[in-house]
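One structure is given here, and the rest of the page talks about it.
Counting convention: from 1, in listed order, for ligands and their atoms alike. Residues take their numbers from the sequence shown, with the count starting at 1.
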Amino acid sequence: MAKIAPSILSADFVNLERDIRALGDNGADFVHVDVMDGIFVPNITIGIPVVAAIRKITDLPLDVHLMIDRPVRYVEDFVKAGADYLTIHIEADQPQNTLEALDKIHALGCRAGIVLKPKTPAEAAIPYLEKCDMILVMTVEPGFGGQKFMADMMPKVAQLREWMDDINPDCMIEVDGGVDSVTHATCKEAGAEVLVAGSAYFKAEDKAEFAKLIQS
Ligand code: DX5
Ligand code: ZN
């Protein structure tokens, strides 16, 4: 059993409202929103006003993945725009600022989480574990949809799940990048509970069936 968080990075932005409404109809558990600033990652996507607009048209929880430099500067804006889960990269700032950002997110009544790039080891997450409702393990280099799944991230997923079983069993482990109708199984075996899928979800002929497969 897992949850699916379709990434709207692969949606049709001209028809974003239609595609987001369809997520609910197709049984998605979250809307995964990829925010990129052109500095932390070499791509620029969507920002605060778009998150606020999405908030108005769906009751699904918004899982907002910030791929931005020094996210502590903007977490308040994203929570106010309607994020339900706000995840920040631990590589994007000094540890004390990352801790401050997680506290700020919680103080605003939102769930908080950290994200690890592929080259970041599980151990780097240790200072933050007690403050996490979600830990996102990247299974591609952040920046673009449609890349190849990195199966060698699975030991990291399993290690984080094991630590969180002791510290906070309610914390969810999420994977993001290259999840499809084949790779989903290995993610779940490793202990991931939330699977982000961008291109595979939006390319699927029967999106409700695809969602069910990921959730199975
Ligand atoms: C990449 C993003 C992902 C991406 C996933 O930086 O964080 O959410 O949209 O896309 P797929 O599923 O196509 O790899
Ligand atoms: Zn993402």
Within the 4.0 Å heavy-atom cut-off, what F144 brings close to ligand 1 is backbone
### Task
Of the side chain and backbone of S199, name the one, both, or neither that has a heavy atom under 4.0 Å from an atom of ligand 1.
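Near ligand 1, S199 shows its backbone as well as its side chain.
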Would you indicate whether [X], at its atom [atom1], is surrounded by more than 12 heavy atoms from other residues, nucleotides or ligands within a distance under 6.0 Å?
{"X": "R111", "atom1": "CZ", "value": "no"}
{"X": "E123", "atom1": "CD", "value": "yes"}
{"X": "Y74", "atom1": "OH", "value": "no"}

Please identify which atoms of ligand 1 are closer than 4.0 Å to at least one heavy atom of [X].
{"X": "A197", "answer": "12 (O)"}
{"X": "D34", "answer": "2 (C), 3 (C), 4 (C), 7 (O), 8 (O), 9 (O)"}
{"X": "P142", "answer": "6 (O)"}
{"X": "D176", "answer": "2 (C), 3 (C), 4 (C), 5 (C), 7 (O), 8 (O)"}
{"X": "V196", "answer": "8 (O)"}
{"X": "L9", "answer": "9 (O)"}
{"X": "M36", "answer": "6 (O)"}
{"X": "G177", "answer": "14 (O)"}

Exactly one of V79, L62, V31 clears side-chain contact (heavy atoms from CB on, under 4.5 Å) with V51, and that residue is L62
So, [X] and [Y], do they make that salt bridge, N to O below 4.0 Å?
{"X": "R55", "Y": "D84", "value": "yes"}
{"X": "K3", "Y": "E174", "value": "no"}
{"X": "R18", "Y": "D12", "value": "yes"}

Which protein non-hydrogen atom lies closest to [atom], naming both residue and atom, and how far is it?
{"atom": "atom 10 (O) of ligand 1", "answer": "G145 CA, 3.5 Å"}
{"atom": "atom 9 (O) of ligand 1", "answer": "S7 OG, 2.9 Å"}
{"atom": "atom 12 (O) of ligand 1", "answer": "G198 N, 2.7 Å"}

Just distances here: any N/O of [X] and N/O of ligand 1 closer than 3.5 Å?
{"X": "H65", "answer": "yes"}
{"X": "G143", "answer": "yes"}
{"X": "V179", "answer": "no"}
{"X": "G146", "answer": "yes"}
{"X": "G178", "answer": "yes"}
{"X": "S10", "answer": "no"}

Angle subtended at the Zn ion (ligand 2) by H32 NE2 and D34 OD1, to the nearest 10 degrees, is 90°
Short side-chain to backbone donor-acceptor contact, [X] and [Y], under 3.5 Å:
{"X": "T183", "Y": "G178", "result": "yes"}
{"X": "D37", "Y": "I39", "result": "yes"}
{"X": "T139", "Y": "G177", "result": "yes"}
{"X": "E91", "Y": "K119", "result": "no"}

Looking at H65, the N/O/S atom that lies nearest to the Zn ion (ligand 2) is called ND1
Could you tell me which N, O or S atom of D176 is nearest to the Zn ion (ligand 2)?
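In D176, the heteroatom (N, O or S) nearest the Zn ion (ligand 2) is OD2.
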Item to complete: Evaluate the ring planes of Y85 and F30, with Trp represented by its six-membered ring, and classify them as parallel (under 30°), tilted (30 to 60°) or perpendicular (over 60°).
Response: perpendicular
Notebook entry, point to check: Would a 4.5 Å heavy-atom cut-off, applied to side chains only, mark D133 and H106 as touching?
Noted result: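 Of all side-chain heavy-atom pairs linking H106 with D133, at least one is under 4.5 Å.
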